[in-house]
Colleague: 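Sharing a structure with you now.
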Amino acid sequence: MDMNKIEKKWQDQWAKTHLNEFDKRSDAPKLYVLEMFSYPSGAKLHIGHWYNYGPTDSYARFKRMQGYNVFQPMGFDAFGLPAENYAIKTGVHPKDSTEKNIATMEGQLQAMGAMFDWSAEVKTCGEDYYKWTQWMFLQLYKKGLAYRKEAPVNWCPSCQTVLANEQVVENRCERCGSEVVRKNLTQWFFKITEYAEELLTGLDKLDWPEKTKNMQRNWIGKSTGCEIEFDAESGDKIKVFTTRCDTVFGVTYIVLAPEHSLALKLTTPEQEEAVRAYIDYASKANEIERLSSTREKTGVFTGSYAVNPLNGKRVPIYLADYVLASYGTGAVMAVPAHDERDFAFATKYHLPIEKVIEKKGGETELPFTEDGIVSGSVEFDGLFGEEARDAIAAKVSKLGKGGKKVNYRLRDWLVSRQRYWGAPIPVIHCEKCGAVPVPEKDLPVRLPYDVEFRPDGKSPLAKHEKFMNTVCPVCGGAAKRDPDTLDTFVCSSWYYLRYADAHNEKLPFDREAVDRLLPVDTYVGGAEHACMHLLYARFFTKALRDMGYLDFDEPFKRLVHQGVILGPDGNRMSKSHGNVVSPDEYVKEYGADAFRLYLMFGFSYTEGGPWSDDGIKAIARFMDRVEKIALKVRDYKLPRGEEPFGQEEKALNYARNFAISRMNKDLEAFSFNTAIARLMELVNAIYKYDGLEKKNIALLKDTVRDLILLMAPCAPHFAEELWHLLGGKYSVFEERYPKEDPAALVLDEKEYAVQVNSKIVCKAMIASSAGNEEIEARALSLPEVQEKTAGKTVKKCIVVPGRLVNLIVG
RNA sequence: GCGGAUAUGGCGGAAUUGGCAGACGCGUUGGACUUAGAAUCCAAUGGGCAACCGUGCAGGUUCAAGUCCUGUUAUCCGCACCA
């Protein structure tokens with residue numbers, strides 16, 4: 001077969017007959033199968049795309065043949081930094097390069113033969129899309145879920161620009177090499193923390209990989225503890241958060257993060273110089289370096305003291321950057337005896353260490369950080385762990401100095417980007433009225449084309465006079481637009497909703513259309529999105545639900561991560577490694593179907609692994625064998641009379657039904673490699689049967705027919721062609737996927753492994769109907785068994801029906 | 001440091017969840033067809049001459065362990081001073 005020609009032929013035919021589109025009139029149960037959309041950075045599809053989309057398409061086609069009304073859309077996550085960096089390097093405008101890349105990729109995605117519903121295509125950089133991304137921002141703003149605050153960012157003083165974390169290499173600017181500093185800038189945030197608890201508990205009912213759910217759990221990082229207020233002698237109140245309030249009598253000092261709002265206020269004149277120097281020092285360390293636990297602890301004394309509300313003790317107040325401003329209250333009570341970090345700090349700065357917890361039944365070695373028996377804490381002495389924490393928290397609350405409190409590690413989502421190639425933030429800044437949202441009727445806020453995006457210190461849009469200057473929608477006075485754009489993760493947080501109603505000009509999506517298709521039944525994509533995209537999308541869904549636009553809680557019911565195909569050398573494919581394998585040459589030589597089959601067969605889908613093309617020829621041979629036998633059997637004439645149905649026919653029928661049964665299970669489970677293996681076994685069985693002198697032609701024809709149907713989801717063009725050649729009605733995908741006949745899977749007799757004292761002695765065919773005693777008797781009668789059991793008595797006999805019999809003798 | 005995953009022939013990978021380890025395929029070897037090769041087809045293929053030994057390593061539970069338990073090593077991934 002000339003696969004390239006055949007593929008084109010059927011692709012055209014499928015498009016012409018709208019075979020790939022979701023059937024809006026059908027009343028078959030819907031099934032929304034979604035692959036994470038592509039980012040059009042390179043011009044071509046790489047192996048990763050094929051690996052993500054090919055096998056998943058086979059799953060979608062399989063479900064379609066099972067009778068589901070399948071919706072499988074595709075689109076492009078088209079905004080983003082790479083296109084902008086490419087523009088800075090080459091001068092090609094991001095819009096131009098992106099559109100060109102999209103056009104190429106569309107062609108390639110079509111050539112793959114996946115049944116993408118192109119009528120629902122979405123491109124996030126299109127005005128008709130980002131208009132609604134901006135609309136989303138406005139709804140979140142209205143709901144109080146979008147707000148502005150000052151936050152630290154990575155700032156390169158030489159380029160005069162904010163850098164993304166990925167652009168900071170060893171605390172230096174990736175581009176110019178200058179040292180990056182932390183700087184506070186006013187930025188827009190989404191209040192994802194408002195949903196922390198639901199994002200956490202919602203995970204339990206999702207059919208997602210456990211690993212991914214755990215990553216999200218850790219990311220959200222719920223921790224239950226106690227907030228306690230310490231009074232500073234200046235009159236200020238310092239709130240600290242602790243999970244170990246049972247150690248509160250062991251507090252020997254207080255630590256504030258260097259960015260804490262009280263840091264300078266609490267500093268005494270004698271300490272001022274040292275404190276300012278320290279704050280400056282801490283601001284230079286970037287976040288990643290700060291968080292390194294191997295880093296030696298540093299800090300400075302403020303000169304002030306605070307009072308422990310439980311024992312009235314006066315303790316010094318320090319600043320240290322091992323305390324994070326962004327977590328809890330940005331201040332901690334230090335208990336060096338029972339916390340490793342405090343212990344290290346106290347040791348270095350010669351601060352007192354007071355033991356207030358004793359190890360149960362053993363020597364207490366400091367720092368002792370496990371639960372233990374409280375001591376030196378007056379009325380709480382003798383209490384243990386949780387019991388002690390409950391009692392002390394109750395006391396704290398009685399004193400009016402705090403109480404139990406839950407904290408999350410999750411932080412609000414910073415969505416402002418000082419970049420060009422993204423959706424402009426729909427906000428106008430007015431001197432009189434402040435930050436004013438753009439009225440919905442004025443959307444979209446268009447991203448201008450003629451912008452100087454080369455970095456020279458300001459947000460690219462800030463230099464565009466025409467864009468920036470506008471009027472305040474409230475007072476009508478002169479005002480400026482927000483010069484920032486939205487993080488591209490905002491665009492991808494709702495695209496799966498837009499697919500359902502991709503061309504709606506009045507709304508982001510029609511409620512009815514979304515109710516019809518959502519949630520996504522099966523979502524397939526890389527594991528690298530575990531804590532970003534997948535969390536943000538869940539947040540959007542919940543927020544939209546609470547605003548009344550949706551009525552489900554979770555966007556993705558089932559989630560599957562494909563593995564990663566590495567370079568032949570075992571490293572991640574990258575230009576710098578020089579190990580990039582392009583799918584194109586293989587597709588050209590063997591065809592899309594062969595390439596897809598090989599990707600399915602050669603790897604465990606969720607594991608991936610190093611690329612090797614060792615087996616691709618075998619796939620071509622396999623397809624060849626299928627074609628040959630199919631055409632050969634097609635030309636057999638059906639005899640008039642009755643056809644034989646003996647042992648050989650039973651065996652073939654068993655192989656056929658076994659393959660059917662396993663294909664159904666394996667495809668459902670994304671176990672593509674074993675599914676293809678089952679097809680190969682069936683082909684082998686057909687060949688074997690065909691080699692017989694006398695054969696049942698009708699059975700053989702039926703079996704070949706089933707083989708083509710079974711294969712159709714995995715090799716769609718190839719199967720469609722064979723189906724056509726065998727006189728089948730267009731399209732093979734309108735046929736039902738075969739279902740096994742359970743009767744054909746019941747064998748008259750089964751092969752048993754016969755063991756004596758748990759060692760295999762021989763094998764024996766035993767009737768399926770035999771009872772345990774019969775099986776035991778049969779086993780004992782075997783000569784190999786008699787040899788081993790001669791002169792011994794059988795103490796026990798274990799029978800595993802249909803598999804094994806084990807005689808214990810002694 | 002914490003958390004998770006993985007470890008099976010020369011290779012990619014299977015194993016009805018505790019029941020014949022190595023399905024399927026690659027590779028290799030032998031054979032057939034061919035002037036020859038390619039392609040194709042047939043056969044063999046975990047190791048060992050054998051008794052036997054074999055699922056990273058050391059123990060354990062069990063009639064029976066790749067699978068369960070304890071410990072350990074290596075690799076990969078995620079988080080990383082979260083009080």
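Just so it is clear, the values below take in all heavy atoms, side chains as well, and ignore hydrogens, waters and symmetry mates. Fair warning: this is a prediction, and the values are worked out from it, not measured in the lab. Proteins come first, then strands; the chains are lettered A, B, ... in the order of their sequence lines, and each starts at number 1.
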Colleague: Could you measure between the two C1' atoms, the one in B/rA80 and the one in B/rA64, and give it in whole Å?
Modeller: 44 Å
Colleague: Give the rounded distance in Å between these two atoms: NZ of A/Lys788 and C1' of B/rC52.
Modeller: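 So the NZ-C1' distance, A/Lys788 to B/rC52, works out to 11 Å.
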Colleague: With C1' as the reference atom in both, quote the distance from B/rG56 to B/rU8 in angstrom, rounded to an integer.
Modeller: 10 Å
Colleague: Of the nucleotides B/rG19, B/rC77, B/rC26, which one has an atom closest to the side chain of A/Val800?
Modeller: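 In terms of side-chain proximity for A/Val800, the closest of B/rG19, B/rC77, B/rC26 is B/rG19.
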Colleague: Any sub-3.5 Å donor-acceptor pair from A/Tyr349's side-chain atoms to A/Gly299's backbone N or O?
Modeller: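 Yes; at least one donor-acceptor contact below 3.5 Å.
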Colleague: Can you tell me which stems RNA chain B forms when a stem means 3 or more consecutive Watson-Crick or G-U pairs under 3.5 Å?
Modeller: B:1-7 with B:73-79, B:10-12 with B:24-26, B:27-32 with B:40-45, B:56-60 with B:68-72
Colleague: With A/Tyr598 as reference, evaluate A/Trp611, A/Tyr51, A/Tyr590, A/Phe672 under the ring pair (Phe, Tyr, Trp, His ring centres under 6.0 Å) test and give the passing residue.
Modeller: A/Trp611
Colleague: Looking across every strand, which nucleic acid part, if any, lies under 4.0 Å from A/Ile760 by heavy atom: base, sugar-phosphate, or nothing?
Modeller: sugar-phosphate
Colleague: Using a cut-off of strictly less than 4.0 Å, decide whether A/Arg217 has a side-chain nitrogen or oxygen near OP1 or OP2 of B/rG3.
Modeller: no
Colleague: Base, sugar-phosphate or nothing for A/Asn684? Non-hydrogen atoms, less than 4.0 Å.
Modeller: sugar-phosphate
Colleague: Quick check: closest heavy atoms across A/Trp219 and A/Arg409, and the distance to 0.1 Å?
Modeller: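 Smallest heavy-atom distance, with atoms named: CE3-NH2, 3.1 Å.
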Colleague: Atom CD1 of A/Ile616 to atom P of B/rG25: distance rounded to whole Å?
Modeller: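 Atom CD1 in A/Ile616 sits about 17 Å away from atom P in B/rG25.
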Colleague: Measure from the side-chain N and O atoms of A/Tyr278 to the backbone N and O of A/Asp321, and report whether any donor-acceptor pair falls under 3.5 Å.
Modeller: yes
Colleague: Assign each of A/Trp219 and A/Arg244 to its nearest nucleotide of RNA chain B by heavy atoms, then name whichever residue's nucleotide is nearer the 5' end.
Modeller: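 Closest to the 5' end, via its nearest nucleotide, is A/Trp219.
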Colleague: What integer number of Å spans the C1' atoms of B/rA44 and B/rG60?
Modeller: 40 Å
Colleague: Relative to the 5' end of RNA chain B, which residue comes earlier, A/Arg662 or A/Pro610, by the nucleotide with the nearest heavy atom?
Modeller: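 That would be A/Pro610.
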Colleague: Looking at A/Glu386 and A/Arg389, is any side-chain nitrogen of the basic one under 4.0 Å from a carboxylate oxygen of the acidic one?
Modeller: yes
Colleague: For the residue pair A/Ser758 and A/Asn806, confirm or rule out a side-chain donor-acceptor distance under 3.5 Å.
Modeller: yes
Colleague: So if I take every side-chain heavy atom of A/Ala618 and compare against B/rG25, B/rG13, B/rA80, which nucleotide ends up nearest?
Modeller: B/rG25
Colleague: Does OP1 or OP2 of B/rA83 have a side-chain N or O of A/Tyr327 closer than 4.0 Å?
Modeller: yes
Colleague: Provide the distance between the two P atoms, one in B/rA36 and one in B/rG31, to the nearest whole Å.
Modeller: 14 Å
Colleague: Please list residues of residues 670-681 of chain A whose heavy atoms come under 4.0 Å from any atom in RNA chain B, ordered by number; otherwise none.
Modeller: A/Asn673, A/Thr674, A/Ala677, A/Arg678, A/Met680, A/Glu681
Colleague: Between A/Trp50 and A/Tyr586 (judged by ring centroids, cut-off 6.0 Å), do the two rings come close enough to count as a pair?
Modeller: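 Centroid distance A/Trp50-A/Tyr586: not below 6.0 Å, so no.
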Colleague: Could you check which of B/rA80, B/rA83, B/rC20 has an atom nearest any side-chain atom of A/Arg409?
Modeller: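 It is B/rA80.
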Colleague: Verify the contact: side-chain N or O of A/Arg621 to OP1 or OP2 of B/rC26, cut-off strictly under 4.0 Å; return yes or no.
Modeller: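 Affirmative; the distance criterion is met.
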Colleague: If you look at every strand shown and take non-hydrogen atoms under 4.0 Å, does A/Arg625 touch a base, only sugar-phosphate, or nothing?
Modeller: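 Result for A/Arg625 = sugar-phosphate.
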Colleague: Touch check for A/Gly330, heavy atoms < 4.0 angstrom, all strands: base, sugar-phosphate only, or nothing?
Modeller: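 No contact.
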Colleague: With heavy atoms under 4.0 Å as the rule, sort A/Gly328 into base, sugar-phosphate or nothing.
Modeller: nothing
Colleague: Any chance you could list the contact pattern along nucleotides 60-65 of chain B? Use B for base contacts, S for sugar-phosphate-only contacts and - for none, protein heavy atoms under 4.0 Å, 5' to 3'.
Modeller: ---BS-
Colleague: For A/Ile565 and B/rG12, give me the distance from atom CD1 to atom C1', rounded to whole Å.
Modeller: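 Spelled out: CD1 on A/Ile565 to C1' on B/rG12 is 11 Å.
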Colleague: Would you classify A/Glu340 as touching base, sugar-phosphate or nothing, given that sugar-phosphate means primed atoms plus P, OP1 and OP2, and contacts are heavy atoms under 4.0 Å?
Modeller: nothing
Colleague: Just how far, in rounded Å, is C1' of B/rC26 from CE of A/Met600?
Modeller: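 Checked: the CE to C1' distance equals 19 Å.
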Colleague: Measure from the side-chain N and O atoms of A/Lys404 to the backbone N and O of A/Ala393, and report whether any donor-acceptor pair falls under 3.5 Å.
Modeller: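 No, because the side chain of A/Lys404 does not come within donor-acceptor range (under 3.5 Å) of the backbone of A/Ala393.
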Colleague: Which is it for A/Asn407 and A/Ser223 under the side chain to side chain donor-acceptor pair (under 3.5 Å) test, yes or no, and what are the steps along the way?
Modeller: CA-CA 5 Å; A/Asn407 257 312; A/Ser223 97; 5.8 Å; no
Colleague: Closer than 3.5 angstrom, by distance alone: can the side chain of A/Asn308 be matched with the main-chain N or O of A/Lys313 as a donor-acceptor pair?
Modeller: no
Colleague: What's the gap between B/rC33 and B/rA65 when it is taken at their P atoms, as a whole Å value?
Modeller: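 B/rC33 and B/rA65 have their P atoms separated by 49 Å.
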Colleague: State plainly whether the residues A/Asp204 and A/Arg217 are in salt-bridge range, i.e. N to O under 4.0 Å.
Modeller: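 Judged by the 4.0 Å cut-off on N to carboxylate O distance, A/Asp204 and A/Arg217 do form a salt bridge.
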Colleague: Within the structure shown, what part of the strands sits under 4.0 Å from A/Tyr752 by heavy-atom distance: base, sugar-phosphate, or nothing?
Modeller: nothing
Colleague: Pull up the glycosidic torsion of B/rU17 and say syn or anti, syn being anything within 90° of 0.
Modeller: syn
Colleague: Write down the distance separating the C1' atoms in B/rC20 and B/rC69, rounded off to the nearest Å.
Modeller: 25 Å
Colleague: For B/rG9, decide between syn and anti, treating a glycosidic angle within 90° of 0 as syn.
Modeller: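 Syn.
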Colleague: Tell me if a side-chain donor or acceptor on A/Tyr689 pairs with a main-chain N or O of A/Asn684 at a distance below 3.5 Å.
Modeller: no
Colleague: Roughly, in whole Å, what's the span from CG in A/Leu256 to C1' in B/rA83?
Modeller: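 After rounding, the reported distance stands at 13 Å.
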Colleague: Would you please confirm or rule out a distance under 4.0 Å between OP1 or OP2 of B/rC11 and any side-chain N or O of A/Ser612?
Modeller: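 No.
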Colleague: Rounding to an integer number of Å, can you tell me how far A/Glu751 CD sits from B/rC20 C1'?
Modeller: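 Nearest whole value for this atom pair: 8 Å.
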Colleague: Output yes when A/Asp339 and A/Arg244 qualify as a salt bridge under the 4.0 Å nitrogen-oxygen rule, no when they do not.
Modeller: no
Colleague: Say you pick atom C1' in B/rC41 and the same atom in B/rA23; how far apart are they, in whole Å?
Modeller: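 Each nucleotide's C1' atom is 23 Å from the other's.
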Colleague: Taking only Lys NZ, Arg NE, NH1 and NH2, and the carboxylate oxygens of Asp or Glu, determine whether A/Glu740 and A/Arg662 approach each other closer than 4.0 Å.
Modeller: no
Colleague: For a quick check of understanding: with a heavy-atom distance under 4.0 Å over all strands, which category does A/Lys795 fall into, base, sugar-phosphate or nothing?
Modeller: nothing
Colleague: In whole angstrom, give me the gap between the C1' atoms of B/rG22 and B/rA15.
Modeller: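 About 8 Å, rounded to a whole number of Å.
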Colleague: Rounding to an integer number of Å, can you tell me how far A/Tyr605 OH sits from B/rC24 C1'?
Modeller: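 To the nearest whole Å, that distance equals 20 Å.
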Colleague: Please name the pair of heavy atoms, one in A/Pro352 and one in A/Thr252, separated by the smallest distance, quoted to 0.1 Å.
Modeller: O-OG1, 2.9 Å
Colleague: Expressed in angstrom and rounded to an integer, what is the separation of A/Asn214 atom CG from B/rC77 atom P?
Modeller: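 Answer to the nearest Å: 18 Å.
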